[in-house]
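This report concerns only the one structure given below.
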Amino acid sequence: DTGMFTYDPGFTSTASCESGLTYIDGDEGILLHRGYPIDQLAEQSSFMEVSYLLLRGELPSKAELEEFTRTITRHTMVHEQLTTFYRGFRRDAHPMAIMCGVVGALSAFYHDSTDINDPMQRRIASHRLIAKMPTIAAMAYKYSVGQPFVYPRNDLSYTGNFLNMTFSVPAEEYVVDPVIEDAMDKIFILHADHEQNASTSTVRLAGSSGANPFACIAAGIACLWGPAHGGANEAALNMLREIGTVDRIPEYIARAKNKDDPFRLMGFGHRVYKNYDPRAKVMQKTANEVLTKLGVTDPIFDVARELEQIALNDPYFVEKKLYPNVDFYSGIILSAIGFPTEMFTVLFALARTVGWVAQWNEMISDPAQKIGRPRQLYTGPTQRDYVPVDKR
Ligand code: SDX
């Protein structure tokens with residue numbers, strides 16, 4: 001009992017690890033990063049400040065934040081040879097396929113200079129990953145649309161730099177819209193970390209073997225891609241577009257309730273939250289603000305809100321405690337900003353890199369940590385003797 005949270009012995013015995021980064025109460029819909037509620041961080045902090053908080057454990061002073069931001073900014077360029085990895089992909093390659101390949105390839109550039117037992121080298125590797133992810137993500141987008149890569153600029157914020165690398169073209173200056181920059185930064189905060197979700201557990205398991213952090217993050221990206229996990233934001237927007245109009249919602253609600261139909265409401269439900277995902281609340285508010293400020297009227301936002309209301313009042317979903325999750329509204333904002341759906345999970349990976357890196361550091365710096373080795377319940381045949389093929 002830590003005086004704040006009392007562990008259920010049953011939970012502790014099944015917990016995969018101890019961690020002080022993020023606390024989730026799925027029944028109450030609570031999400032804290034180092035004790036700070038996610039809605040306060042999303043409304044009052046910045047992605048750089050939340051990154052510092054997750055990595056170091058405390059909110060930074062003004063000087064500490066400036067120094068951290070300067071360090072990250074000065075690591076945003078990638079080795080020029082890394083650009084050749086992009087040219088091996090077909091133009092229509094999914095950007096997440098590119099992210100898996102290129103981030104894994106970072107190992108080839110930094111493997112030899114990353115002694116994970118040296119705290120300073122772990123910190124440098126962490127900064128490199130956080131700093132270079134926006135550059136790599138923007139390059140994946142540029143490659144997919146056949147536009148030239150745009151280099152990072154040190155005079156822009158972390159998020160402004162990412163938007164510029166993504167949307168700027170040599171033919172004309174891209175002006176970072178503060179409304180879009182603020183919404184993007186909020187989205188990054190909302191995706192930064194989320195306890196021991198599937199992709200974070202993947203990063204921890206890979207890291208527990210002593211693999212270099214670049215390879216571990218590539219493993220996390222691969223896991224995040226799945227539609228049951230980070231891929232849900234892309235799937236949720238595609239679902240809303242397929243529904244198209246409010247009158248077609250009942251057909252999809254019926255499908256989601258039909259056990260014989262594999263269809264699920266994308267952006268709904270969660271392994272842990274049996275209440276409203278607190279991130280979804282901030283996301284819905286941000287979606288409303290961005291669409292209003294940008295003067296964008298997207299009919300699928302109306303479909304999303306109507307679908308949410310119907311599902312929240314439908315006994316089936318109420319009984320199964322299915323609520324919108326972080327992925328339900330994010331796609332509406334990202335689409336309004338100008339991202340294609342294929343980039344949605346890339347943006348999730350960009351933001352979650354901070355959580356993955358912070359969780360990896362927490363694990364690696366624990367001298368007691370051992371290689372992960374999940375156990376199993378064996379359900380195969382009992383022992384039997386081999387039968388030569390001519391006697392089978
Ligand atoms: C993320 O773990 C994390 O923290 C992940 C994440 C993070 O930040 O890292 O929060 C990010 O991955 C959010 C989740 C994004 N995925 C989706 O939106 C995809 C759609 N959702 C479902 O696939 C589903 O809800 C899961 C995968 C998220 C959870 O699946 P579970 O474990 O089966 O959910 P559950 O046990 O709570 O389900 C209870 C019941 C089940 O029915 P029964 O077996 O009891 O009959 O509800 C059903 C499920 O079949 N159900 C749904 C549903 N989600 C669950 N039915 C229809 N539509 C849905 N979306």
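Numbering starts at 1 and runs along the sequence shown. Just so you know, ligand 1 is whichever comes first in the structure, and atom 1 is the first atom listed for that ligand.
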Solution key, residues 35-48 side-chain donor-acceptor pairs under 3.5 Å, sequence neighbours excluded:
{"unit_1": "Glu43", "atom_1": "OE2", "unit_2": "Lys285", "atom_2": "NZ", "d": "3.3"}
{"unit_1": "Ser45", "atom_1": "OG", "unit_2": "Glu49", "atom_2": "OE1", "d": "2.6"}
{"unit_1": "Ser46", "atom_1": "OG", "unit_2": "Glu49", "atom_2": "N", "d": "3.1"}

Tell me if the aromatic rings of [X] and [Y] count as close, with their centers under 6.0 Å from one another.
X: Tyr273; Y: His194; value: yes
X: Tyr110; Y: Phe214; value: yes
X: His33; Y: Tyr23; value: no
X: Tyr323; Y: Phe328; value: no

For [atom], the protein heavy atom that lies nearest, with its residue and separation:
atom: atom 35 (P) of ligand 1; answer: Lys274 NZ, 3.7 Å
atom: atom 21 (N) of ligand 1; answer: Phe268 O, 2.8 Å
atom: atom 2 (O) of ligand 1; answer: Asn197 CB, 3.4 Å
atom: atom 50 (O) of ligand 1; answer: Arg264 NH2, 2.7 Å
atom: atom 60 (N) of ligand 1; answer: Leu265 O, 2.8 Å
atom: atom 17 (C) of ligand 1; answer: Ala232 CB, 3.4 Å
atom: atom 56 (N) of ligand 1; answer: Leu322 CD1, 3.7 Å
atom: atom 46 (O) of ligand 1; answer: Lys259 NZ, 2.7 Å

### CZ (Arg248) with more than 12 external heavy atoms under 6.0 Å
yes
### Message
If you count every heavy atom of other residues, nucleotides or ligands that lies below 6.0 Å from Asp385 atom CG, does the total exceed 12?
### Response
no
### Glu195 touching ligand 1 at heavy-atom level, < 4.0 angstrom
no
I want to know if ligand 1 touches [X] in the polar sense, i.e. an N/O pair below 3.5 angstrom.
X: Phe317; value: no
X: Asp327; value: no
X: Arg271; value: yes

### Task
Please list, chain by chain and in numerical order, all residues satisfying side chain to side chain donor-acceptor pair (under 3.5 Å) with Glu306, sequence neighbours excluded.
none
### Query
Between the side chain of Arg34 and the main-chain N/O of Leu54, is any donor-acceptor distance below 3.5 Å?
yes
### Task
Keeping the roles fixed (side chain from Asn161, backbone from Pro152), state whether a donor-acceptor pair exists under 3.5 Å.
no
I'd like to check which ligand 1 atoms, numbered from 1 as shown, lie under 4.0 Å from a non-hydrogen atom of [X].
X: Arg352; value: 7 (C), 8 (O), 9 (O)
X: Ala228; value: 12 (O), 14 (C), 15 (C), 16 (N), 27 (C)
X: Gly267; value: 17 (C), 18 (O)
X: Ala256; value: 57 (C)
X: His194; value: 3 (C), 4 (O), 6 (C), 7 (C), 8 (O), 9 (O), 10 (O)
X: Pro227; value: 19 (C)

Taking non-hydrogen atoms only, is [X] closer than 4.0 angstrom to ligand 1 via side chain, backbone, both or neither?
X: Ala236; answer: neither
X: Lys321; answer: neither
X: Lys257; answer: neither

### Summary
Output for pair (Leu307 CG, Phe268 CZ), nearest 0.5 Å, gives 5.0 Å
### Query
Does Lys274 come within less than 4.0 Å of Asp27, counting only side-chain N to carboxylate O?
no
### Message
I want to check a possible cation-pi pair here: Arg87 against Phe89, using under 6.0 Å from ring centre and within 45° of the ring axis as the test.
### Response
no
